[in-house]
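Okay, structure first, notes after.
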Number of protein chains: 2
Amino acid sequence: MTLLVQKYGGTSVADIARIRAVAARVAACRARGVQVVVVVSAMAGETNRLLRLCAEIGAEGLREQDSVIATGEQIVAGLLALELQRLGVAARSLTGEQVGIRTDAAYGKARIVDIRSEVLRSALNNDEVPVVPGFQGRTATGDIATLGRGGTDTTAVALSAALSAKECQIFTDVDGIYTTDPRVCADARRLETVHVEEMLEMASLGAKVLQLRSVEFACKYQVPLRVLSSLTEDHDCTGGTLITYEENEMEDPVVTGVAFNKEEAKITVAGVPDKPGIAHLLLSAVAKSNINVDMIVQNVSSAGRTDFSFTVQRDEFARAMVTTKTAAATIGATEVLGDADIAKVSVVGIGMRSHPGVASLMFKTLSDHQINIQMISTSEIKTSVVIAEAQMETAVQALHTAFDLAQAPQEERITGGAEQ
Amino acid sequence: MTLLVQKYGGTSVADIARIRAVAARVAACRARGVQVVVVVSAMAGETNRLLRLCAEIGAEGLREQDSVIATGEQIVAGLLALELQRLGVAARSLTGEQVGIRTDAAYGKARIVDIRSEVLRSALNNDEVPVVPGFQGRTATGDIATLGRGGTDTTAVALSAALSAKECQIFTDVDGIYTTDPRVCADARRLETVHVEEMLEMASLGAKVLQLRSVEFACKYQVPLRVLSSLTEDHDCTGGTLITYEENEMEDPVVTGVAFNKEEAKITVAGVPDKPGIAHLLLSAVAKSNINVDMIVQNVSSAGRTDFSFTVQRDEFARAMVTTKTAAATIGATEVLGDADIAKVSVVGIGMRSHPGVASLMFKTLSDHQINIQMISTSEIKTSVVIAEAQMETAVQALHTAFDLAQAPQEERITGGAEQ
């Protein structure tokens with residue numbers, strides 16, 4: 001019998017009407033003879049409401065805070081089970097304790113250490129739909145511990161692995177992974193499949209649909225992960241985008257998508273004496289201030305001096321400038337320059353590994369559109385550039401066209417059956 | 001070491017400011033070396049909000065509903081523990097599972113079957129304040145089950161019994177049990193102690209401070225119960241009203257209080273044939289319609305016919321009239337008369353048992369004030385009359401004065417040390 005684990009996020013269960021829509025889809029699956037385990041988030045806004053209550057108290061106490069914020073998912077689990085019962089579907093909500101998800105005691109960002117799936121299996125054997133509150137587990141001493149932001153995805157993936165589900169289906173308010181953001185590029189195309197590494201690059205570049213951690217978890221246990229929309233009437237649950245783990249060089253398109261990020265700022269330390277330990281000295285100062293660094297670029301030096309650039313989150317820019325200036329002074333750098341009006345644009349594709357011409361086409365395309373490249377950084381499956389923020393949309397649209405992303409690759413059109 | 005179990009109701013934890021006041025009182029107790037277990041309700045209105053969400057779904061499912069509504073208490077437990085920690089008091093919120101309150105599976109109105117108090121004792125031994133979500137327990141299979149309205153009082157009493165607490169203190173928005181309602185009678189006096197049976201009569205007559213079920217529970221386990229206000233700065237926790245279980249004829253005042261109830265309606269079946277089984281026939285018809293009957297009065301018959309009167313909740317009056325008329329027709333009664341403009345007024349006092357003159361003084365007082373008595377009903381420790389609703393306040397004030405209730409009895413003034 002086919003078993004699906006379906007996860008519904010906060011906007012998918014935002015009110016009773018949305019909860020009814022979720023139940024209708026689950027009921028349709030049951031009617032087709034498909035077994036379903038449902039994992040739910042709290043209603044949109046509820047977790048933040050509870051966090052604000054804790055913040056109002058003004059005490060640090062992650063153990064207590066976890067106990068407070070874990071209630072949001074429990075409420076939705078109960079409501080969804082009620083609605084399933086109303087539709088005549090045997091269903092039962094379970095507590096975090098009953099589901100048997102054991103975590104460590106790192107409250108607020110706990111990690112799952114074990115899943116005892118007997119209660120879930122027994123419910124499934126009784127033809128019941130277990131409805132599981134996501135985002136939480138219990139520690140060895142029975143304390144409630146939450147899994148951090150995106151934790152409900154993690155719960156769904158973990159249960160999929162423990163139950164060997166056919167798919168872990170993540171329902172959200174977008175209907176899959178696109179070649180780029182449709183708001184920026186009108187002919188952006190939904191991908192029927194995407195390789196997990198491409199997905200990771202896309203996600204970390206700002207096209208956030210899935211939480212990084214849950215994707216890594218899915219990858220580790222090779223859980224087939226499908227992203228799809230809870231807003232459509234896709235009761236077959238075969239739409240969206242399926243994340244794959246195997247590579248197939250014949251079929252993999254060279255470039256899968258164009259990702260971008262406007263949330264960064266660039267810092268350049270100019271005239272850095274070119275000697276060992278300088279990069280470490282600069283970056284460790286920044287790291288000690290708990291500022292995350294994304295791209296780092298250093299070019300060859302001339303006359304014993306070099307320029308050293310890196311990007312940080314834009315909301316940490318001011319703080320990073322102060323820290324960097326202090327550090328730069330101690331190493332005798334000439335100057336520290338900052339620029340918040342930048343954007344990072346990346347082309348991503350697993351086929352890039354065997355097609356060296358990608359970077360070249362990318363740079364030519366940008367040049368054709370009079371777009372100046374400020375920084376370049378590459379990895380095996382992506383090439384990223386930093387450009388002026390004002391030119392970002394032009395760059396994304398031009399690259400999307402240059403790499404012919406609006407058309408599905410030949411192979412995909414033959415093998416992808418979901419849309420036919 | 002003195003151990004108190006303190007229960008704070010919904011209005012006492014209605015917002016963060018009120019939660020801070022609760023924590024300050026608990027901290028003051030700890031500073032005096034008193035051990036405290038705190039039992040909390042959901043924030044005022046929260047349980048109803050959650051019930052409305054369930055009602056909106058429109059499915060009957062008490063198991064799921066319990067899982068939804070039990071979250072309200074868990075949130076407050078976490079917030080209060082956080083605030084205690086902020087004040088430097090070691091505290092930990094516990095889940096229903098951790099507290100070890102086992103219930104039967106009668107969801108929505110479960111009964112406690114067992115308490116495994118090891119976790120609480122271990123927290124107390126660590127000098128921690130355990131903060132317990134009231135109103136709930138876990139069934140043998142780990143389901144959440146709630147104890148019904150007033151269930152948080154029941155939790156507090158049960159934990160007091162299990163831990164042999166010195167007192168179970170019920171904090172609410174009134175500062176104790178009064179000789180009558182101060183809104184009706186300006187010189188109503190707070191009782192420093194009240195015998196549990198008087199308390200039960202007062203509560204069932206509408207002076208609702210404690211839930212009947214929790215008082216019965218306290219009585220069964222002889223748990224000293226104190227009602228006090230969370231609005232005052234009584235950090236000694238010795239104010240309010242202490243409920244006692246021993247009788248002391250020398251000290252017991254003859255009459256302790258005057259209770260009243262405007263929420264009833266009277267139905268009289270006139271010209272009932274006086275033969276066996278008639279009362280049963282009339283009342284079983286009403287009972288089958290799930291209508292609760294309070295007072296029942298039947299006088300001796302004349303000419304083979306009698307009149308039969310009873311009172312019902314006013315909001316069930318219309319329904320009760322229909323049912324009664326049908327039943328009356330089948331037994332050949334002459335007429336069914338209804339009156340919703342009535343009030344029940346009772347004098348309550350355990351000393352009444354040995355002082356037969358109470359009813360007589362009550363009737364004389366009412367007569368002196370031109371108040372006509374429509375029905376009379378007596379029990380061992382109370383005498384109740386039904387009168388016109390318009391005369392209720394006059395009756396209550398007159399009786400309060402006639403029985404000298406504004407003055408504390410001599411003995412109590414000597415022994416009661418709390419107010420001095």
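The model shown is predicted, which means the values in this text are computed figures rather than measured ones. Proteins get letters first, then strands, A, B, ... in listed order; numbering begins at 1 in each.
Between chain B and the residues A:Arg138, A:Glu83, A:Gln74, the largest count of heavy-atom pairs under 4.5 Å involves A:Gln74. Note: A:Thr71 leads A:Val76, A:Asp15, A:Ile144, A:Thr71 in heavy-atom pairs under 4.5 Å with chain B.
Contacts with chain B (heavy atom to heavy atom, under 4.5 Å) involve no residue of residues 114-125 of chain A. For residues 19-42 of chain B, the interface with chain A (any heavy-atom pair closer than 4.5 Å) comprises B:Ile19, B:Arg20, sorted by residue number. Near-neighbour residues of residues 95-111 of chain B relative to chain A, defined by a heavy atom under 4.5 Å from a heavy atom of that chain, comprise B:Thr95, B:Glu97, B:Gln98. Within residues 51-68 of chain B, the residues approaching chain A closer than 4.5 Å by heavy atoms are, in numerical order, B:Leu53, B:Cys54, B:Glu56, B:Ile57, B:Gly58, B:Ala59, B:Glu60, B:Gly61, B:Arg63, B:Glu64, B:Ser67, B:Val68.
Going from atom CG of B:Leu94 over to atom CG of A:Asp143 covers 8.0 Å, rounded to the nearest 0.5 Å.
Residue contact with chain A, scored on non-hydrogen atoms closer than 4.5 Å, involves the backbone and the side chain of B:Leu79 alike.
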